[in-house]
Amino acid sequence: MTDTPSEPQAHGVHITAGPIDATIRIDGTPIPAGQLTGYVLEHAVGDSVPRLVLHTRQPDGAAFDGLARVAVGVSKTPGELVAAFLAEVDPVLLDQEALNRSDYGGGPGATARAMLATLADWAQGNGGGT
């Protein structure tokens, strides 16, 4: 017999959230007041069980002893996300799409405004830029 679970175990979760606080109970046990700094609840329709990631504040000297499944993720900054998006943009297509916009106006900055509007459309999945 092994100490490592073969599959992640699901736990009963109850979340009561307001605009500035949340109470989360796991298997009926609340997370102590002041320990929770945030949480992310995600559920892809094709997955059978949602994933809850808790962000907690640990007091000095806190220790953990036990088994856990660990996932490490590095969040990208907004600047990194924008830079990655812009790196995929076809400049010739951007130029064409911006100049052919129905809302393209004249005057100073008109082309830049049209390009920014086109990029915003593409970022929201409207159009074929990336």
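Just the heavy atoms: all of them, side chains too, but no hydrogens, waters or symmetry mates, feed the values below. The residues of the chain are indexed from 1 along the displayed sequence.
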Taking atom [atom1] of [X] and atom [atom2] of [Y], what is their separation to the nearest 0.5 Å?
X    : Y    : atom1 : atom2 : value
T118 : L94  : OG1   : CG    : 6.0 Å
I26  : L54  : CD1   : CG    : 5.0 Å
L99  : M115 : CG    : CE    : 6.5 Å
T29  : I24  : OG1   : CD1   : 13.0 Å
D90  : E97  : CG    : CD    : 10.0 Å

Query raised in the report: Which heavy atom of Y104 sits nearest a heavy atom of A114, and at what distance?
Result: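 Result for this residue pair: CD1-CB, 3.4 Å.
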
Requested in this report: Measure across R113 and G106 and return the closest heavy-atom pair with its distance rounded to 0.1 Å.
Outcome: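 Minimum heavy-atom separation between R113 and G106: NH2-O, 3.6 Å.
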
Report task. Establish whether L81 and W122 are linked, either directly or via other cluster members, by ILVMFWY side-chain heavy-atom contacts under 4.5 Å. Result ->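 Each belongs to a different hydrophobic cluster.
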
Query raised in the report: Are any non-hydrogen side-chain atoms of Y39 and V13 less than 4.5 angstrom apart?
Result: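 The answer is no, as the side chains (C-beta and beyond) never meet within the 4.5 Å cut-off.
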
